[in-house]
There are 2 protein chains.
Amino acid sequence: MVDDEKPMSLTRAERRRRSEASILGAARELLAERGFERTTIRGVAERAGVDPALVMQHFGTKDDLFAAAATWSVPIHGLLGAGREDLPHAAIEHVLDAFEDPELRGTAEAVLRSCLTHPAAGTIVREQVLGSAQAAVATTIGGPDAELRAALLNACTLGLSIARYLLAVPALADVDRADLERVLGPALQALVDPT
Amino acid sequence: MVDDEKPMSLTRAERRRRSEASILGAARELLAERGFERTTIRGVAERAGVDPALVMQHFGTKDDLFAAAATWSVPIHGLLGAGREDLPHAAIEHVLDAFEDPELRGTAEAVLRSCLTHPAAGTIVREQVLGSAQAAVATTIGGPDAELRAALLNACTLGLSIARYLLAVPALADVDRADLERVLGPALQALVDPT
DNA sequence: GCGTTCAGTCAACACGCGTAGAGTCAAACC
DNA sequence: GGTTTGACTCTACGCGTGTTGACTGAACGC
């Protein structure tokens with residue numbers, strides 16, 4: 001995301017916006033690749049083609065930069081609109097969409113990559129990502145174990161995301177969506193419908 | 001794991017072995033709590049009640065210390081001995097045992113905590129932990145999708161481990177083994193037995 | 001007993017990090 | 001067209017890190 005096009009004589013506000021976007025993009029890339037600790041302000045600045053101090057000027061602090069790059073508005077509409085039969089399908093679509101849309105993927109990977117080692121990232125995943133999905137899924141499931149079943153369904157899709165996209169486990173990374181849905185669907189259905 | 005008992009006049013080899021064990025224990029604790037990047041040699045030394053230089057003298061390098069602390073011999077006997085009907089049960093036992101045996105838990109958490117941000121830890125999880133389990137499970141499952149089904153089963157239990165023990169998602173952390181097995185079992189069974 | 005060995009400590013190095021403040025130069029304004 | 005504004009850069013500070021080599025003192029072997 002090195003945006004080398006810096007055409008001269010651009011409005012000041014426009015330049016400002018572009019460099020901010022460039023920094024944010026570079027930050028997301030590096031956070032997605034390496035996680036919070038191994039991502040340095042200097043590295044972000046270099047990839048953005050900018051001075052390190054400018055990064056601070058825009059975002060204040062490394063933690064603030066992370067917060068800005070990791071703001072992840074999870075779209076749970078697909079989950080809320082699904083009935084019991086569609087839920088597994090919707091849940092799988094939900095996670096695959098997040099990682100295969102190039103727009104969303106950077107953010108998703110950046111948050112997930114650091115969620116085990118950076119407290120703020122862990123909180124985001126626990127409360128926003130898993131939390132909101134769990135609430136949505138639990139109401140559809142219903143019954144005494146609804147929360148547990150929803151949490152387990154989330155844990156499975158979380159495990160799939162991590163294994164497929166972050167760890168790149170061969171058997172999962174090389175498979176296409178259709179096979180994934182065909183095989184995992186019935187398993188998630190068993191979580192939705194108590195035997 | 002601060003082993004304050006340093007009774008005077010102990011054989012040299014004995015002292016050496018004790019301090020090594022003390023360092024290794026402290027390292028595992030900190031790695032499990034904070035991950036590789038946030039764990040410092042000085043922190044390990046302090047928790048072990050020892051000089052930082054001694055840590056280097058024992059293990060050579062921070063990466064070597066991690067390798068020593070993260071050596072995780074996954075016991076897959078339980079998986080190999082299981083038939084199609086027992087597999088889900090065995091798989092769940094397999095992961096719960098690793099995290100609820102105080103002996104194993106430190107290592108398991110240490111490896112898993114860093115597996116998204118430390119290349120060596122990622123390799124361990126991908127190739128040793130998931131890899132060996134996948135091979136064992138796939139032979140039991142059989143059929144055309146065996147590898148994929150095994151990998152997905154692993155991804156689900158990986159997600160459960162992470163959500164329950166590392167992220168401490170409330171709905172999963174507070175539930176006991178029996179409920180976990182009762183609810184997750186049928187889902188994993190659907191992965192083992194194609195509909 | 002005495003010289004040797006070696007577990008353990010001390011003090012220091014070089015490096016990379018996040019961050020701060022003064023300086024620079026072109027766009028913006030009147 | 002001169003002054004002001006503000007986007008951006010330069011330089012440097014202080015700190016914590018992994019790592020090293022010289023030192024110390026107690027267990028060891030004879």
Side-chain angles (χ1 to χ4, degrees), chain A residues 2-27 30-31 34-70 114 117-120, chain B residues 2-27 30-31 34-70 114 117-120:
Chain A
V2 179
D3 220 328
D4 268 329
E5 28 161 343
K6 288 269 178 65
M8 60 222 61
S9 100
L10 209 57
T11 170
R12 274 219 277 242
E14 183 65 15
R15 274 182 70 84
R16 189 83 177 149
R17 245 177 293 129
R18 290 207 186 183
S19 67
E20 173 154 335
S22 173
I23 291 169
L24 209 57
L30 287 174
L31 289 169
R34 312 180 186 177
F36 181 83
E37 317 294 338
R38 293 179 118 96
T39 296
T40 68
I41 298 289
R42 286 168 162 85
V44 171
E46 190 184 3
R47 186 167 296 201
V50 137
D51 189 274
L54 190 62
V55 177
M56 309 306 292
Q57 195 178 108
H58 272 279
F59 294 96
T61 261
K62 192 188 175 187
D63 268 300
D64 294 343
L65 173 61
F66 178 77
S114 297
T117 46
H118 190 294
Chain B
V2 180
D3 219 328
D4 269 329
E5 29 163 341
K6 290 268 179 64
M8 59 221 61
S9 101
L10 209 55
T11 170
R12 274 221 278 241
E14 184 64 17
R15 273 183 71 82
R16 189 80 177 153
R17 246 177 291 129
R18 289 208 186 182
S19 66
E20 173 155 334
S22 172
I23 291 170
L24 209 56
L30 287 174
L31 289 168
R34 312 180 187 177
F36 181 84
E37 318 293 338
R38 293 180 118 98
T39 296
T40 68
I41 298 290
R42 285 169 164 85
V44 171
E46 190 184 4
R47 187 167 295 200
V50 137
D51 188 275
L54 191 62
V55 177
M56 308 307 292
Q57 194 178 112
H58 272 278
F59 294 96
T61 261
K62 193 188 174 187
D63 267 300
D64 293 344
L65 173 61
F66 177 78
S114 297
T117 46
H118 190 293

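Here is the naming used below: chain letters follow the sequence lines, and residue numbers restart at 1 for every chain. Computed from heavy atoms alone, side chains included, the values below leave out hydrogens, waters and symmetry copies.
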K.L.:
Anything under 3.5 Å between a protein N or O and an N or O of nucleotides 13-15 of chain C, put it in a table, one pair a line.
P.N.:
none

K.L.:
Choosing from dC28(D), dA7(D), dC8(D), which nucleotide comes nearest the side chain of Arg12(B)?
P.N.:
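Minimum distance to the Arg12(B) side chain belongs to dC28(D).
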
K.L.:
For Thr40(A), give me all partners under side chain to side chain contact (heavy atoms under 4.5 Å, CB included), at least two apart in sequence or on another chain.
P.N.:
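Thr40(A) satisfies side chain to side chain contact (heavy atoms under 4.5 Å, CB included) with Arg42(A) only.
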
K.L.:
Calculate the interatomic distance between Asp51(B) atom CG and dT20(D) atom P; express it in whole Å.
P.N.:
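It works out to 14 Å between those atoms.
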
K.L.:
Can you list, pair by pair, the side-chain donor-acceptor contacts under 3.5 Å of residues 60-70 of chain A, counting residues two or more places apart and other chains?
P.N.:
unit_1	atom_1	unit_2	atom_2	d
Lys62(A)	NZ	Phe36(A)	O	3.0
Lys62(A)	NZ	Thr39(A)	O	2.8
Asp63(A)	OD1	His118(A)	NE2	3.0

K.L.:
Taking only residues two or more places apart in sequence, or in another chain, which ones meet Arg12(A) in a side chain to side chain donor-acceptor pair (under 3.5 Å)?
P.N.:
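Arg12(A) satisfies side chain to side chain donor-acceptor pair (under 3.5 Å) with no residue once adjacent residues are dropped.
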
K.L.:
Tell me: CG of Leu10(B) to P of dC6(C), nearest whole Å?
P.N.:
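Checked: the CG to P distance equals 18 Å.
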
K.L.:
Return the value, rounded to whole Å, for the distance between atom CE of Met56(A) and atom C1' of dT9(D).
P.N.:
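Result: 15 Å.
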
K.L.:
Please tell me which of the listed nucleotides, dC17(C), dT20(D), dA20(C), lies nearest to the side chain of Thr40(A)?
P.N.:
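When the side chain of Thr40(A) is considered, dC17(C) is the closest of dC17(C), dT20(D), dA20(C).
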
K.L.:
Is there a side-chain polar atom (N or O) of Arg16(A) under 4.0 Å from OP1 or OP2 of dC8(D)?
P.N.:
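True: Arg16(A) side-chain N/O within range (under 4.0 Å) of dC8(D) OP1/OP2.
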
K.L.:
Arg16(B): which residues meet the salt bridge (charged side-chain N to carboxylate O under 4.0 Å, His left out) condition with it, sequence neighbours left out?
P.N.:
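Not a single residue meets the salt bridge (charged side-chain N to carboxylate O under 4.0 Å, His left out) criterion with Arg16(B).
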
K.L.:
From the list dC8(D), dT20(D), dT9(C), which nucleotide is the closest neighbour of the side chain of Ser19(A)?
P.N.:
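Nearest to the side-chain atoms of Ser19(A), counting from C-beta on, is dC8(D).
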
K.L.:
Specify the separation, in whole Å, of atom NE2 of His118(B) and atom C1' of dG18(D).
P.N.:
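Between C1' of dG18(D) and NE2 of His118(B): 13 Å.
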
K.L.:
Distance check needed: dT17(D) C1' versus Phe36(B) CZ, whole Å only.
P.N.:
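It works out to 12 Å between those atoms.
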
K.L.:
From CZ of Arg15(B) over to P of dG25(D), roughly how many Å is that when rounded to an integer?
P.N.:
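For the pair Arg15(B) CZ and dG25(D) P, the rounded distance is 15 Å.
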
K.L.:
Which angle, to the nearest 10 degrees, lies between the helix axes at the two ends of the helix from dG1(C)-dC30(D) to dC30(C)-dG1(D), each defined by five pairs?
P.N.:
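For the helix from dG1(C)-dC30(D) to dC30(C)-dG1(D), the axes at either end differ by 10°.
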
K.L.:
Closer than 4.0 Å, any side-chain N/O of Thr11(B) to the OP1 or OP2 of dC28(D)?
P.N.:
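For dC28(D), OP1/OP2 do have a side-chain N/O of Thr11(B) under 4.0 Å.
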
K.L.:
For Arg38(B), check salt bridge (charged side-chain N to carboxylate O under 4.0 Å, His left out) against everything at least two apart and list the hits.
P.N.:
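Testing Arg38(B) for salt bridge (charged side-chain N to carboxylate O under 4.0 Å, His left out), a comparison that skips the adjacent residues, returns Glu37(A).
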
K.L.:
In whole Å, I'd like the distance from the CD atom of Glu46(A) to the P atom of dC8(D).
P.N.:
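Checked: the CD to P distance equals 18 Å.
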
K.L.:
Taking all atoms of both residues into account, what is the closest heavy-atom pair of Val55(A) and Ala45(A), and its distance?
P.N.:
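Smallest heavy-atom distance, with atoms named: CG2-CB, 4.0 Å.
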
K.L.:
For DNA chain C, what residues of residues 57-66 of chain A have any heavy atom nearer than 4.0 Å?
P.N.:
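Listed by number, they are Thr61(A), Lys62(A).
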
K.L.:
Mind checking the OG1-CZ spacing from Thr11(B) to Arg17(B)? Nearest 0.5 Å is all I need.
P.N.:
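Reported value, rounded in 0.5 Å steps: 7.5 Å.
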
K.L.:
Looking at every non-hydrogen atom in both residues, tell me the closest pair between Ser114(A) and Gly35(A) and how far apart they are.
P.N.:
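Shortest heavy-atom separation between Ser114(A) and Gly35(A) comes out as OG-CA, 3.4 Å.
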
K.L.:
Given atom CZ of Arg38(A) and atom C1' of dT17(D), what is their separation to the nearest angstrom?
P.N.:
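Answer to the nearest Å: 14 Å.
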
K.L.:
Locate the shortest heavy-atom distance separating Ala48(B) from Ser22(B); write the atom from each residue and the value.
P.N.:
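Scanning both residues, the minimum pair turns out to be O-OG, 3.3 Å.
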
K.L.:
Between Pro52(A) and Leu54(B), which has a closest nucleotide on DNA chain C that is more 5'?
P.N.:
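First, find each residue's nearest nucleotide; the 5'-ward one identifies Leu54(B).
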
